[in-house]
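Below is one structure, written out as C-alpha cells, with a few remarks after it.
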Amino acid sequence: MKRILSVVAVLLFAVALAACSNQKVPAEQALKAAEEALNAGKAEAMKYVPDLVKNAEDALKAAKDTFAKGDYAGATSAATAVAAKAKDLVSASAAKKAELTKDWEELNAGMPETIAAIQSRVDALSKSKKLPKNLDKAKLESAKSDLAEVGKSWDEASKAYKEGSLADALAKGKGAKEKTAQIMSSLGMSAPPAAGAVTGRAYTGETPAGGR
C-alpha cells in the first residue's frame, strides 16, 4: 500500500511538473511580447505621459517577479495586462501631443505680433522728447531689458517646439507671454487681442487716444 501511494505521489509530482513546464514557455513569450510592446512606444510616451510609462514599467516588473516565483499562469495574465497598458500608452501619448500642439499653435499665433508691437512702442518712446505720464526713463530702460529677455525666452521656446519638446516649449512660451503682459502694463499699452481677432490693420498695442 505504501509503495502504491509512493508511486502515485511521484506520478502526481510528474504531472504537476509537466503542467508547469507547459505553462512556462507561454509565460516567457507573453513577457517578451509585453516588454517589446512597451519599449516600442516608451520613448515617445515619456515626452507626454511619463507617469503612465512608470505605471506600465512597474507592472512589467511585477509580472517578471511573478514568473520568477514559478507562477507562470499568473505571469502570463500579468504580461497580458502590461501589453494592454503599452497599447494605451500610444493612444494617451498621441492625445496629449495633439493637446500640447494645439496650445502651442494658439500661443504662437499671437506672441510674435505682441513682441513686435512692444518693440515698436519702445522704439517710439525712445525717440520721444517727452515720455507719457506715469512713465520715466528708468521704467523705459527696464522695459527694454525685459523685452530682450522675452525675445530670448521666445526663441528658446520656438527651438524646443521644433525639437519636439512640446511641454518645454509651452512652459517657456507661457512664461514669455506673462512677461509681455507686465511690460505692456508698464508702458501703458493695452492687452493684445485674441489670435485672429484683429482684421484689416496691424495690432500696435497702443491704448486709444487719451488712454495713456
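Quick note: numbers below take in every heavy atom, side chains included, and nothing from hydrogens, waters or symmetry partners. Predicted model only: the values in this text are computed from it and were never measured.
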Would you mind checking if [Y] and [X] are paired as a salt bridge, meaning a charged N to carboxylate O distance below 4.0 Å?
| X | Y | value |
| --- | --- | --- |
| Asp65 | Lys69 | no |
| Glu106 | Lys102 | yes |
| Lys54 | Asp58 | yes |

State, with a plain yes or no, whether a side-chain heavy atom of [X] is found less than 4.5 Å away from one of [Y].
| X | Y | answer |
| --- | --- | --- |
| Thr180 | Ile118 | yes |
| Leu31 | Glu28 | no |
| Leu166 | Lys97 | yes |
| Asn108 | Trp154 | yes |
| Ser186 | Asp146 | no |
| Lys96 | Lys47 | no |

Hphob cluster co-occupancy, Val82 + Val90, side-chain heavy atoms under 4.5 angstrom: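 They do not share one cluster, since no chain of ILVMFWY contacts under 4.5 Å joins Val82 to Val90.
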
Same apolar cluster (I L V M F W Y, side chains within < 4.5 Å links), Leu131/Met184: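 Leu131 and Met184: one cluster.
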
Enter the distance from [X]:[atom1] to [Y]:[atom2] here, rounded to the nearest 0.5 Å.
| X | Y | atom1 | atom2 | value |
| --- | --- | --- | --- | --- |
| Leu125 | Lys130 | CG | NZ | 13.5 Å |
| Ile183 | Lys139 | CD1 | NZ | 14.0 Å |
| Ser126 | Gln119 | OG | CD | 8.5 Å |
| Glu57 | Asn39 | CD | CG | 8.5 Å |
| Asp103 | Lys174 | CG | NZ | 5.5 Å |
| Leu38 | Lys85 | CG | NZ | 11.0 Å |

Within the side chain of [X], is there an N or O that forms a donor-acceptor pair under 3.5 Å with the backbone of [Y]?
| X | Y | answer |
| --- | --- | --- |
| Ser165 | Tyr161 | no |
| Thr66 | Ala62 | yes |
| Ser142 | Ala138 | no |

Minimum heavy-atom separation for [X] and [Y], please, with both atom names.
| X | Y | answer |
| --- | --- | --- |
| Leu107 | Leu170 | CD2-CD2, 4.3 Å |
| Arg121 | Leu187 | NH2-O, 3.6 Å |
| Ala34 | Leu60 | CB-CD1, 4.5 Å |
| Ser153 | Ala176 | CB-CB, 4.2 Å |
| Leu100 | Tyr48 | CD1-CD2, 3.7 Å |
| Val53 | Ala45 | CG2-CB, 3.6 Å |

Derivation and outcome, side chain to side chain contact (heavy atoms under 4.5 Å, CB included), residues Lys159 and Glu156: CA-CA 5 Å; Lys159 181 182 179 182; Glu156 290 175 352; 5.6 Å; no

Thr76 vs Gln23, side chain to side chain contact (heavy atoms under 4.5 Å, CB included): CA-CA, chis, key distance, verdict: CA-CA 8 Å; Thr76 299; Gln23 290 180 333; over 6 Å; no

Test log, rule side chain to side chain contact (heavy atoms under 4.5 Å, CB included), inputs Lys64 and Glu35: CA-CA 10 Å; Lys64 288 181 177 180; Glu35 188 164 16; 3.2 Å; yes

Test side chain to side chain contact (heavy atoms under 4.5 Å, CB included) applied to Met111 and Lys177, step by step: CA-CA 7 Å; Met111 272 296 289; Lys177 184 179 180 181; 3.8 Å; yes

Parallel, tilted or perpendicular: rings of Tyr72 and Phe67 (30°, 60°):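 Tilted.
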
Crowding at NZ, Lys144 (>12 non-hydrogen neighbours, <6.0 Å): yes

Check: Ser158/Lys172 side-chain N/O donor and acceptor closer than 3.5 Å: no

